[in-house]
Student: 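Can you read through this structure? Questions will come right after.
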Amino acid sequence: MGKMIHVIVACSENRVIGRNGALPWRIPEDMAFFQQQTAGQICVLGRVGYQSWPRAALDGRRPIVLTSQPLPWIAATANAPNFHPPVSVQSLRAALTVAEKLPGEIYVCGGQRIFEETLALPRSLRLHLTVIHAEVPGDRFFPEWRDGSWREISRRESSDENFRYTFLTLER
């Protein structure tokens with residue numbers, strides 16, 4: 001089967017994960033958790049996510065970007081310590097084939113289509129889910145996960161001045 005696949009995402013109660021190519025909220029605690037979890041790991045993500053995340057290729061991350069378009073060269077990060085240039089692939093299957101050969105854990109970081117394909121895989125997954133307890137307008141969504149096939153590993157409640165949220169770790 002290969003390595004465990006970690007899926008890491010923040011979504012609202014109505015499953016929104018994005019709006020107009022960006023996150024529809026700013027939650028520093030969640031962003032710090034995301035950066036810390038993915039540092040030094042393999043990050044599978046789409047082109048929009050890669051282009052909107054300045055640190056995707058830093059902190060020892062090995063980005064694998066699903067895209068059919070050429071990726072822009074981000075010269076500013078090329079000389080940074082622990083920089084790994086992105087690997088461009090055209091399918092989730094190709095991304096996972098590359099990821100299995102790299103050091104580190106596999107983290108699927110979105111977007112919507114990549115999350116849908118990953119959750120449909122017939123293999124074990126660990127879901128690092130930050131549920132934002134609000135209905136948020138958006139145009140990108142996380143698949144329905146509340147179907148009962150997940151086993152809760154950990155849960156931590158938190159909040160900031162704008163939102164209440166729960167950090168969940170689930171496995172199937």
Side-chain angles (χ1 to χ4, degrees), residues 1-11 15-19 21-121 123-132 140-143 145 153-154 167-172:
M1 265 297 177
K3 297 179 183 184
M4 165 76 77
I5 296 176
H6 298 260
V7 175
I8 187 164
V9 64
C11 75
R15 303 188 351 260
V16 166
I17 59 172
R19 180 172 59 232
L23 292 174
W25 48 72
R26 188 179 180 292
I27 301 176
E29 184 182 10
D30 179 61
M31 189 51 70
F33 173 77
F34 180 87
Q35 300 284 2
Q36 177 259 324
Q37 284 290 123
T38 59
Q41 308 301 344
I42 304 154
C43 294
V44 176
L45 69 167
R47 180 186 52 80
V48 171
Y50 177 76
Q51 290 176 316
S52 66
W53 181 20
R55 302 195 65 80
L58 299 179
D59 303 323
R61 289 180 196 87
R62 291 170 172 77
I64 302 175
V65 183
L66 276 73
T67 181
S68 57
Q69 303 173 20
L71 285 175
W73 178 247
I74 304 173
T77 60
N79 295 320
N82 287 318
F83 168 79
H84 293 281
V87 175
S88 179
V89 297
Q90 294 197 12
S91 70
L92 180 61
R93 176 170 288 177
L96 295 176
T97 299
V98 171
E100 291 288 351
K101 297 175 183 141
L102 295 173
E105 298 286 318
I106 301 169
Y107 277 80
V108 173
C109 305
Q112 177 177 323
R113 185 176 54 87
I114 297 166
F115 285 140
E116 290 167 355
E117 288 182 34
T118 303
L119 266 59
L121 292 172
R123 58 190 278 184
S124 297
L125 299 174
R126 180 169 290 159
L127 176 56
H128 305 272
L129 176 65
T130 304
V131 179
I132 298 156
R140 294 291 176 265
F141 298 86
F142 190 67
W145 77 94
I153 305 299
S154 68
F167 292 95
L168 288 172
T169 303
L170 308 171
E171 250 182 37
R172 70 154 211 229

Student: If every non-hydrogen atom of Pro86 is compared with every non-hydrogen atom of Val65, which pair is closest and at what distance?
Tutor: CB-CG2, 4.0 Å
Student: Would a 4.5 Å heavy-atom cut-off, applied to side chains only, mark Val44 and Tyr107 as touching?
Tutor: no
Student: Quick one: does Lys3's side chain have a donor or acceptor within less than 3.5 Å of a partner on Gly104's backbone?
Tutor: yes
Student: Does any N or O in the side chain of Glu105 come within less than 3.5 Å of the main-chain N or O of Gln41, such that one atom is a donor and the other an acceptor?
Tutor: no
Student: With side chains defined as the heavy atoms from C-beta onward, is the minimum distance between Ser91 and Glu117 less than 4.5 Å?
Tutor: no
Student: Rounded to the nearest 0.5 Å, what separation is found between the CZ atom of Arg126 and the NE2 atom of His6?
Tutor: 5.5 Å
Student: How long is the straight-line distance from SG of Cys43 back to CD1 of Ile8, given to the nearest 0.5 Å?
Tutor: 8.5 Å
Student: Could you check whether atom CZ of Arg19 has more than 12 heavy atoms from other residues, nucleotides or ligands sitting under 6.0 Å from it?
Tutor: yes
Student: I need the minimum non-hydrogen distance between Ser88 and Thr67, along with the two atoms involved.
Tutor: OG-CG2, 3.4 Å
Student: Begin with the C-alpha distance, continue with both residues' side-chain angles, and end with the deciding distance and a verdict on side chain to side chain contact (heavy atoms under 4.5 Å, CB included) for Arg140 and Val48.
Tutor: CA-CA 12 Å; Arg140 294 291 176 265; Val48 171; over 6 Å; no
Student: What's the spacing between Ile5 CD1 and Thr118 OG1 if we round to 0.5 Å?
Tutor: 6.5 Å
Student: Search all heavy atoms of Met4 against all heavy atoms of Leu125 and return the closest pair with its distance.
Tutor: SD-C, 3.8 Å
Student: What heavy-atom pair brings Pro24 and Gly18 nearest, and what distance separates the two atoms?
Tutor: CD-CA, 3.7 Å
Student: Just checking, any donor-acceptor pair under 3.5 angstrom between side chains of Arg15 and Gln112?
Tutor: no
Student: Is there side-chain contact between His84 and Leu102, with heavy atoms separated by less than 4.5 Å?
Tutor: no
Student: Starting from the C-alpha separation in whole Å, work towards a yes-or-no answer on side chain to side chain contact (heavy atoms under 4.5 Å, CB included) for Ile27 and Thr130.
Tutor: CA-CA 10 Å; Ile27 301 176; Thr130 304; 5.8 Å; no
Student: Step by step, work out the side chain to side chain contact (heavy atoms under 4.5 Å, CB included) result for Phe141 and Ile17.
Tutor: CA-CA 5 Å; Phe141 298 86; Ile17 59 172; 5.5 Å; no
Student: Indicate the atoms forming the closest heavy-atom contact of Ala94 with Val89, along with that distance.
Tutor: CB-CB, 4.0 Å
Student: Do any N or O atoms from the side chain of Arg61 and from the backbone of Gln35 form a donor-acceptor pair under 3.5 angstrom?
Tutor: yes
Student: Can you check side chain to side chain contact (heavy atoms under 4.5 Å, CB included) on Thr38 and Trp53, steps first, answer last?
Tutor: CA-CA 12 Å; Thr38 59; Trp53 181 20; 3.8 Å; yes
Student: From Leu129 CG over to Trp145 CH2, what is the distance, rounded to the nearest 0.5 angstrom?
Tutor: 5.0 Å
Student: Checking Arg172 side chain against Leu119 main chain: does a donor-acceptor pair fall under 3.5 Å?
Tutor: yes
Student: Parallel, tilted or perpendicular: which one describes the rings of Phe33 and His128, with boundaries at 30° and 60°?
Tutor: tilted
Student: In Å, rounded to the nearest 0.5 Å, how long is the span from CD of Glu100 to CD1 of Ile106?
Tutor: 4.5 Å
Student: Could you check Leu45, Val98, Thr97, Leu92 and say which one makes a side chain to side chain contact (heavy atoms under 4.5 Å, CB included) with Ile64?
Tutor: Val98
Student: Measure the spacing between CG of Leu66 and CD of Gln90 and express it to the nearest 0.5 Å.
Tutor: 9.0 Å
Student: At their closest point, which heavy atom of Trp25 faces which heavy atom of Cys11, and how far apart are they?
Tutor: CH2-CA, 3.9 Å
